[in-house]
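Nothing here was measured: the structure is a model prediction, and the numbers come from that model.
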Amino acid sequence: MYNMLKHAHSGLRWLLLAALLYAIIKGFQSWRNGKAFNKPSALIGLILTHVQLVIGLLLYFVYSPLVSYGEGFMKDTITRFYTVEHLVTMLLAIILITIGYSRGKRKADATAAGKAVFVFYLIGLVLILLGIPWPFRGLGAGWF
Ligand code: HEM
C-alpha cells in the first residue's frame with residue numbers, strides 16, 4: 001500500500017503541474033484577452049490538487065516512515081523536510097488554489113474570473129514547484 005501511494009503521489013505531480021499550467025494560461029487569456037472563462041480547466045486543476053492532498057494526508061498520517069516527531073526530528077534534513085517543510089508549503093499552495101477557484105467561480109465577468117485563477121494558481125504553482133522533493137535536492141525522492 002505504501003509503495004502504491006508513494007508512486008501515485010509522485011507520478012500525479014506531473015499531471016497536476018500540467019493541469020495548473022493549463023489553467024493559468026486559460027486564466028490569463030480570459031483576463032487579458034477577454035476570452036470566455038474556462039471553468040473546466042480551473043476545476044481539473046482543483047480536483048487534482050485535492051486528490052494529491054488526500055494521498056499526501058494518507059502518507060503523512062499513516063504510511064510514510066519519513067514523517068516523524070521523534071526526538072531531534074528537526075535536525076534530520078529528510079525528516080524535517082517531509083514532516084514540516086513539504087506539508088506547510090503544499091498546504092499553503094492548496095489553500096491558495098482553492099481560494100482562486102472559488103473566487104473565479106463567483107465572478108460574473110470573464111476578466112475578473114480569469115484574473116483570480118491566474119493570480120492564485122500561479123502563486124500556488126510556484127509554491128508547489130518549491131515544495132517538491134526534486135531528485136537534485138538530495139531528499140531521496142525520484143522523478144516518478
Ligand atoms: C499538492 C501538491 C503536492 C505535490 C506535488 C507533492 C509531491 C510529492 C512528491 C513528488 C513526493 C516524493 C515521492 C517519492 O518518493 O518519489 C512527495 C512525498 C511526500 N508527500 Fe507530497 N506532494 C504534495 C502535497 C502533499 C501534502 C499536502 C502532504 C501531506 C498532507 C504530502 C505528504 C507527503 C509525504 C508524507 C511524502 C513522503 C512519502 C515517502 O516517501 O514516504 N504531500 N510528495
Side-chain angles (χ1 to χ4, degrees), residues 1-69 73-74 76-144:
M1 190 64 174
Y2 169 54
N3 267 328
M4 201 189 83
L5 287 175
K6 199 170 96 164
H7 283 111
H9 193 65
S10 188
L12 198 64
R13 106 186 76 172
W14 298 108
L15 276 181
L16 175 60
L17 291 176
L20 290 179
L21 197 61
Y22 186 68
I24 288 165
I25 293 168
K26 288 289 164 192
F28 185 80
Q29 288 175 341
S30 302
W31 176 30
R32 305 302 289 185
N33 308 337
K35 281 199 175 180
F37 177 53
N38 189 304
K39 196 171 159 190
S41 68
L43 182 61
I44 290 168
L46 179 81
I47 291 170
L48 289 175
T49 307
H50 284 227
V51 172
Q52 195 70 327
L53 169 65
V54 173
I55 303 174
L57 286 171
L58 279 169
L59 284 168
Y60 194 90
F61 289 108
V62 186
Y63 295 103
S64 178
L66 305 178
V67 174
S68 161
Y69 284 91
F73 76 95
M74 289 298 274
D76 181 88
T77 313
I78 292 182
T79 313
R80 189 184 61 227
F81 176 79
Y82 288 108
T83 309
V84 183
E85 295 163 16
H86 187 67
L87 176 79
V88 172
T89 316
M90 295 317 199
L91 284 183
L92 200 59
I94 294 168
I95 290 168
L96 288 172
I97 288 166
T98 309
I99 293 174
Y101 179 78
S102 62
R103 282 201 183 186
K105 190 179 69 172
R106 272 189 265 117
K107 300 281 183 199
D109 70 299
T111 309
K115 185 181 175 187
V117 169
F118 175 79
V119 171
F120 283 89
Y121 278 43
L122 183 61
I123 302 171
L125 176 63
V126 170
L127 285 173
I128 288 174
L129 286 171
L130 292 173
I132 287 179
W134 298 107
F136 51 80
R137 293 183 65 180
L139 295 158
W143 288 107
F144 292 99

S.K.: Using every non-hydrogen atom in the two residues, find where G142 and P135 come nearest and quote the distance to one decimal.
M.R.: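 Taking G142 first and P135 second, the nearest heavy atoms are C-CG, 3.6 Å.
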S.K.: Measuring from L15:CG to I47:CD1, what's the distance to the nearest 0.5 Å?
M.R.: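 If we round to the nearest 0.5 Å, L15:CG and I47:CD1 are 12.5 Å apart.
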S.K.: What heavy-atom pair brings G100 and V117 nearest, and what distance separates the two atoms?
M.R.: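 Minimum heavy-atom separation between G100 and V117: O-CG2, 4.0 Å.
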S.K.: Under the 3.5 angstrom rule, does the side chain of Y63 hit a backbone N or O of M1 as a donor-acceptor pair?
M.R.: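 Absent.
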S.K.: When you look at CZ of R80, are more than 12 heavy atoms from neighbouring residues, nucleotides or ligands closer to it than 6.0 Å?
M.R.: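 Count over threshold, so yes.
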S.K.: Rounded at 0.5 Å granularity, tell me how far CD1 in I25 sits from CG in L20.
M.R.: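 It is 11.0 Å, given to the nearest 0.5 Å.
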S.K.: What heavy-atom pair brings G124 and A93 nearest, and what distance separates the two atoms?
M.R.: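 Nearest pair, atom of G124 first, then A93: O-CB, 3.6 Å.
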S.K.: Under the rule for side chain to side chain donor-acceptor pair (under 3.5 Å), what residues qualify as partners of T79, not counting sequence neighbours?
M.R.: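 Partners of T79 by the side chain to side chain donor-acceptor pair (under 3.5 Å) criterion, ordered by chain and then number, come out as D76.
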S.K.: Report yes or no: does R137 contribute a side-chain atom to a donor-acceptor pair with the main-chain N or O of I132 at less than 3.5 Å?
M.R.: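 Between the backbone of I132 and the side chain of R137 there is a qualifying donor-acceptor contact (under 3.5 Å).
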S.K.: L53 and L91: side-chain contact (heavy atoms from CB on, under 4.5 Å), yes or no, with the steps?
M.R.: CA-CA 8 Å; L53 169 65; L91 284 183; 3.7 Å; yes
S.K.: Has S30 got a side-chain atom pairing as donor or acceptor with T111's backbone, closer than 3.5 angstrom?
M.R.: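 Here the side-chain-to-backbone pair does not exist.
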S.K.: Of all heavy-atom pairs between A113 and K107, which one has the smallest distance, and what is that distance?
M.R.: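 Heavy-atom minimum between the residues: N-CB, 3.7 Å.
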S.K.: Spell out, as yes or no, whether a donor-acceptor pair under 3.5 Å connects the side chain of T83 to the backbone of S68.
M.R.: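 Yes; judged by distance alone, with no hydrogens or angles, the pair exists.
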S.K.: Minimum heavy-atom separation for S10 and W143, please, with both atom names.
M.R.: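 In this case the closest contact between S10 and W143 is OG-C, 4.4 Å.
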S.K.: What heavy-atom pair brings Y2 and S64 nearest, and what distance separates the two atoms?
M.R.: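 Between these two residues, the closest heavy atoms are CE1-CA, 3.8 Å.
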S.K.: Hey, mind stepping through L125 and L129 against side-chain contact (heavy atoms from CB on, under 4.5 Å) and telling me if it holds?
M.R.: CA-CA 6 Å; L125 176 63; L129 286 171; 4.2 Å; yes
S.K.: Could you go step by step and tell me if F120 and Y101 meet the side-chain contact (heavy atoms from CB on, under 4.5 Å) rule?
M.R.: CA-CA 8 Å; F120 283 89; Y101 179 78; over 6 Å; no
S.K.: Could you check whether any side-chain N or O of Q52 sits under 3.5 Å from a backbone N or O of H9, counting only pairs where one atom can act as donor and the other as acceptor?
M.R.: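 Looks like yes, one N/O pair under 3.5 Å.
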S.K.: Got a second to check how far L16's CG is from I94's CD1, nearest 0.5 Å?
M.R.: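 Result: 8.5 Å between the selected atoms.
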S.K.: List the steps and the verdict of side-chain contact (heavy atoms from CB on, under 4.5 Å) for F73 and V84.
M.R.: CA-CA 10 Å; F73 76 95; V84 183; 3.9 Å; yes
S.K.: Looking at F81, is its backbone amide N or carbonyl O close enough to the side chain of H86 to form a donor-acceptor pair, meaning the two atoms are under 3.5 Å apart?
M.R.: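 Checked: no pair found.
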